[in-house]
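Please read the structure below before turning to the comments.
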There are 2 protein chains.
Amino acid sequence: MKTAARRLAVAKSPAPPVAGAPLRLESDYVLEQHIGHLLRRSHQRHVANFEKGLGALDLTPTQFAALAKIGERGEVSQNLLGRQTAMDPATIQGVIQRLMARNLIERRADPSDRRATLLRLTPAGLALTQNAIVKVEAVSQTTLAPLDARERAALALLLQKLSGLA
Amino acid sequence: MKTAARRLAVAKSPAPPVAGAPLRLESDYVLEQHIGHLLRRSHQRHVANFEKGLGALDLTPTQFAALAKIGERGEVSQNLLGRQTAMDPATIQGVIQRLMARNLIERRADPSDRRATLLRLTPAGLALTQNAIVKVEAVSQTTLAPLDARERAALALLLQKLSGLA
DNA sequence: CGAGAAACGTACGCACACAAACAAAGCCTC
DNA sequence: GAGGCTTTGTTTGTGTGCGTACGTTTCTCG
């Protein structure tokens, strides 16, 4: 009912808003060729592959990045982790909370800096991360499937330049 | 107070959760070299440039994509627009609502298919989109600044392959 | 023709992602 | 050593982005 009512409300506007031929851009802007759109679509496709490929583990790309980085460093502050994984303090906050709720990481106050919080993996988190790393390799292969070896290397280099990592 | 209380609650766990040396991954996984991370960071950087560059217009990349596509086609259904801009039906919904709330687009029922809704630009929407297109070109230049002309062409081609557009 | 399948839009919930504003703790300089 | 700046983490608000479920309408096929 609600739906029908709303649609009627929209449809009942007779002439004022919609008069003649639709307005068009005169410029021939091609969305599909623009770097932003291409980056967005490529990233989108990879994220979809990721969530397919890790299905049972129930990890998002950002959650995985956080786990991998903590596991690499042993123990990191929340803030440093954010910088290393390119996440806002506000963003990392939610990620940490969700990982902690699943008992994959634990935190303690930094004894030498009472502002900071140190993060480390739990045994469960370590096991899950090891497991995930294997599957993530497969996901990367899926994402990169349209490219041959030379193209893959070229793309990696270009993206590193683009994102300021090279 | 709330903050202090929470921090104490965390800090008061004495030994059980945090015992000895932190757990580490034995594998030498390098987050920074993986395609997903590179795509994420590159996209992230571009979005930041975009929001800087369009500042006053107050458009997000997706909102701009929707406007540009509507302006190119004259009048499109919401669903088709979603496919053309690579957005979920659920995602395009919110975008449309926000653009409509700002009176940049308007909608009417499709006379030949009562399930569908047709979208078109308002005069204000057309003017804003024309204006935005110019600025978006500049944003793309900013994003691509680390690359020379040959690299830009190569990157565009690779991303088109990667996202299924070529 | 009529039932089932498919398409369109909507609604809700979860997870990023960032800006802005804030409190607490540390640093730094005069 | 005291005031000011910075750093760390939190909270709130807005905007994507998708899964899922839903109601309506259209299409398709027997």
Side-chain angles (χ1 to χ4, degrees), chain A residues 1-11 36 40-41 43-52 55 58-66 76-83 85-99 101-102 107 109-119, chain B residues 1-8 10-11 40-41 43-52 55 58-66 76-83 85-99 101-102 107 109-119:
Chain A
M1 279 308 115
K2 231 184 351 181
T3 310
R6 183 164 317 182
R7 191 168 289 163
L8 279 179
V10 168
R40 180 170 157 273
R41 282 177 93 113
H43 180 231
Q44 191 175 316
R45 176 161 164 275
H46 175 74
V47 172
N49 289 339
F50 193 101
E51 309 206 324
K52 246 74 168 181
D58 205 41
L59 282 179
T60 64
T62 44
Q63 288 172 0
F64 170 73
V76 258
S77 79
Q78 192 168 311
N79 195 277
L80 178 59
L81 178 63
R83 268 173 289 152
T85 54
M87 286 187 241
D88 223 61
T91 299
I92 203 101
Q93 234 274 327
V95 175
I96 292 306
Q97 280 186 2
R98 284 181 282 273
L99 293 176
R102 290 172 61 186
R107 39 192 292 177
D110 186 332
S112 67
D113 184 343
R114 279 193 296 165
R115 296 169 303 178
T117 323
L118 297 177
L119 306 171
Chain B
M1 279 311 115
K2 231 186 344 181
T3 309
R6 183 162 319 183
R7 191 166 290 165
L8 279 179
V10 168
R40 180 170 158 272
R41 281 177 95 113
H43 181 232
Q44 192 175 317
R45 177 163 163 273
H46 175 75
V47 172
N49 290 339
F50 191 102
E51 310 207 321
K52 247 74 169 182
D58 205 39
L59 283 179
T60 64
T62 43
Q63 289 172 359
F64 170 74
V76 260
S77 78
Q78 193 168 309
N79 195 277
L80 179 58
L81 178 64
R83 267 172 290 152
T85 55
M87 286 186 243
D88 222 63
T91 299
I92 204 101
Q93 232 273 328
V95 175
I96 293 306
Q97 279 186 2
R98 284 182 281 274
L99 293 176
R102 290 172 62 184
R107 39 191 291 175
D110 186 331
S112 67
D113 185 343
R114 281 193 296 165
R115 295 169 303 179
T117 323
L118 296 177
L119 306 170

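Chain letters run A, B, ... following the sequence lines, proteins first and then strands; every chain starts at 1.
Leu80(B) contributes atom CG, which lies 9.0 Å from atom OG1 of Thr85(B) (distance to the nearest 0.5 angstrom). The CG atom of Asp88(A) lies 8.5 Å from the CD atom of Gln44(B); values are rounded to the nearest 0.5 Å. In this structure, NE2 in His46(A) is found 13.5 Å from NE2 in His43(B), a value given to the nearest 0.5 Å.
Spacing between atom CZ of Arg102(B) and atom P of dT14(D) amounts to 14 Å, rounded to whole angstrom units. In this entry the distance linking CD1 of Ile96(A) with P of dA17(C) reads 13 Å, nearest Å. In this structure, Asp110(B) atom CG and dT26(D) atom P are separated by 9 Å, rounded to whole Å. What separates CG of Asp58(B) from C1' of dC18(C) is a distance of 14 Å, to the nearest Å. A straight line from CG of Asp88(B) to C1' of dA11(C) spans 13 Å, rounded to a whole angstrom. Between the CG atom of Leu81(B) and the P atom of dC8(C) there is a distance of 13 Å, rounded to whole Å.
Distances were taken from every side-chain heavy atom of Thr91(B) (C-beta onward) to each of dG26(C), dC18(C), dT16(D); the shortest belongs to dT16(D). For Thr117(B), whose side chain is taken as the heavy atoms from C-beta onward, the closest listed nucleotide among dT26(D), dG9(C), dG9(D) is dG9(C). The side chain of Gln78(A) lies closest to dT10(D), out of dA17(C), dG17(D), dT10(D). Taking the side chain of Gln44(B) as heavy atoms from C-beta on, and the options dT10(D), dC18(C), dG9(C), the nearest nucleotide is dC18(C).
Applying the 4.0 Å criterion to OP1 and OP2 of dT8(D), one finds that Arg83(A) has a side-chain N or O inside that range. For the pair Arg40(B) and dA17(C), the criterion of a side-chain N or O lying under 4.0 Å from OP1 or OP2 is met. Put simply, Arg107(B) has no side-chain N or O that comes within less than 4.0 Å of OP1 or OP2 on dG9(C). In terms of phosphate contacts, Arg114(A) brings no side-chain nitrogen or oxygen within less than 4.0 Å of OP1 or OP2 of dT8(D). In this structure, Thr60(B) does not reach the dG15(D) phosphate: none of its side-chain N or O atoms is under 4.0 Å from OP1 or OP2. Side-chain nitrogen and oxygen atoms of Gln93(B) include none within less than 4.0 Å of the OP1 or OP2 phosphate oxygen of dC18(D).
Heavy-atom nearest nucleotides on DNA chain C were determined for Asn79(B) and for Pro61(A), and the one closer to the 5' end corresponds to Asn79(B). Mapping Met87(B) and Pro89(A) onto DNA chain D by nearest heavy atom places Pro89(A) at the nucleotide closer to the 5' end. Take the nearest nucleotide of DNA chain C for Ala90(B) and for Gly94(A): the residue whose nucleotide is more 5' is Ala90(B). Judged by closest nucleotide on DNA chain D, Asp113(A) is the one of Asp113(A) and Lys52(A) placed further toward the 5' end.
In plain terms, the two heavy atoms of Ala66(A) and Leu99(A) that are nearest each other are CB-CD1, 4.1 Å.
Heavy atoms of Gln63(B) sit under 4.0 angstrom from primed sugar atoms or phosphate atoms, though from no base atom. Residue contacts shown for Val47(A) are absent, as no nucleic acid heavy atom lies under 4.0 Å away.
A donor-acceptor contact shorter than 3.5 Å links the side chain of Arg40(A) to the backbone of Ala86(B). Looking at Arg107(B), its side chain never comes within 3.5 Å of a backbone N or O of Gln78(B) through a donor-acceptor pair.
A donor-acceptor contact under 3.5 Å is formed by the side chain of Arg115(B) with the base of dA7(C).
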